[in-house]
Amino acid sequence: MSKNDLHFNSKTIHGGQEPDAAYGAVMPPIYQTSTYAQTTPGGHKGYEYSRSGNPTRHALEKSLASIENGQYGLAFASGLSAMDAVIKLLNPGDEVVSTNDLYGGSYRLFRQIFEKYGIKFHFVGMEDVGRIEEKINKKTKLIWVETPTNPMMNVIDLKAVAALSATHSLLLAVDNTFATPYLQRPLDLGADIVMHSATKYLGGHSDVVLGALIVKDKELADKLFFIQNASGAVCGPMDSFLVLRGIKTLHVRMQRHCENGRSVAEYLVNHPKIEKVYWPGFSDHPNHDIARSQMTDFGGMISFIPKGGTYEDAVKIVEKLELFILAESLGGVESLAGHPASMTHASIPKEEREKSGVVDSLIRLSVGIEDARDLIADLEQALA
Ligand code: P1T
């Protein structure tokens, strides 16, 4: 039986995994070593230096490839360092078309690091795929998509973007952090590269920072492996172990995140003090049909705006929440609340961020896997 032919809920546990060769350990040992003994120069057992390769990281990389239906997985020190490796595929003068609504740190990496090296970024609302085409010219090399977007929960039609990308012979990279492969598998829809902040749902327990890339194509994988080793932003063995352990329960956690997400979204949308709730599971969400067709459920990320909301109103609510912890990040077992304008998206200029809807009164929730009744009770008291 090939472990790569298993159903998703088995691949999370077995995909790419074998008991450890030395003693049959079912979980790979944390190979906490920087280097490996050689019998003669070049005479080693497959590993020579832990920046280039480490057995614990390798076990994680094989799991990542398996759950995203890819061939090659690469694990990095953080989500941003995984993105950094993708942009290093490009050369000065190249152009990128990116989602306009995306994690503030991704925007900062593009604008404040890579623009200095002569790479140009266009930010467009990709709900209308035609807007991407308007920005494509001879210098365009890459389309960068985040879907669902952080924090506005727009859903982008990956098949349509992949078709456009193929027509123009571009690379298509998809940040699959919010959805995870439990909900959507971009490589199956035509993407070339899947990226994760594994810090979030893949790790799942708010105890590790790690990033990932997954690809199918050998030539592309080789270029990325070269950058991973040459630039050196690798994750350590302990962090690799933690994410590998997290992935083993991804499917059960995601199921509950989705159920609780639905309960919280439906509670909020019926609340008299709430102006607007952004969650792709609502039938009147502008991209609901695409969400239904490319995702298996709608996830546990929700943003909302209180009625007549100001910056102060939003701050008052997040400060009053008790079970929802006010914190950056998302995707852990515990529920978190965030204020994007002052936290995760503060590095995007106000004018730019408001164009995509990230107003001062917006609140973002990462709905955890607690009992939904307790989460709703917490929101009830905070909104009272
Ligand atoms: O934090 P890091 O592991 O480097 O990943 C960056 C990143 C990339 N892409 C998306 C969609 C993300 O949400 C993130 C990190 N986001 C947060 C910390 C946040 O609270 O939104």
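Ligands are counted one by one from 1 in listed order, and the atoms in each one are counted from 1 as well. Because the structure is a prediction, the values reported are computed rather than measured.
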- Message: For the residue pair Thr177 / Asp175, report whether a side-chain donor-acceptor contact shorter than 3.5 Å exists.
- Response: yes

- Met195 with Val97, same ILVMFWY side-chain cluster at under 4.5 Å: no

- Item | Ring centre gap for Tyr311 and His339 strictly below 6.0 Å | yes

- Examine His288 together with Phe298 and report whether their ring centres are nearer than 6.0 Å. yes

- To the nearest 0.5 Å, tell me how far Leu80 CG sits from Met83 CE. 6.5 Å

- Item | Option passing side chain to side chain donor-acceptor pair (under 3.5 Å) with Tyr31 (candidates Asn54, Asp20, Thr56) | Asp20

Check ligand 1 for close polar pairs with the protein: N or O on both sides, less than 3.5 Å.
residue  : atom   : partner : partner atom : Å
ligand 1 : 3 (O)  : Gly79   : N            : 2.9
ligand 1 : 3 (O)  : Ser197  : OG           : 2.8
ligand 1 : 3 (O)  : Thr199  : OG1          : 2.7
ligand 1 : 4 (O)  : Gly79   : N            : 3.1
ligand 1 : 4 (O)  : Leu80   : N            : 2.9
ligand 1 : 5 (O)  : Ser197  : OG           : 3.0
ligand 1 : 9 (N)  : Asp175  : OD2          : 2.6
ligand 1 : 13 (O) : Asn150  : ND2          : 3.1
ligand 1 : 16 (N) : Lys200  : NZ           : 3.0
ligand 1 : 20 (O) : Ser329  : N            : 2.7
ligand 1 : 20 (O) : Arg364  : NH2          : 2.8
ligand 1 : 21 (O) : Asn150  : ND2          : 3.0
ligand 1 : 21 (O) : Arg364  : NH1          : 2.8
ligand 1 : 21 (O) : Arg364  : NH2          : 3.4

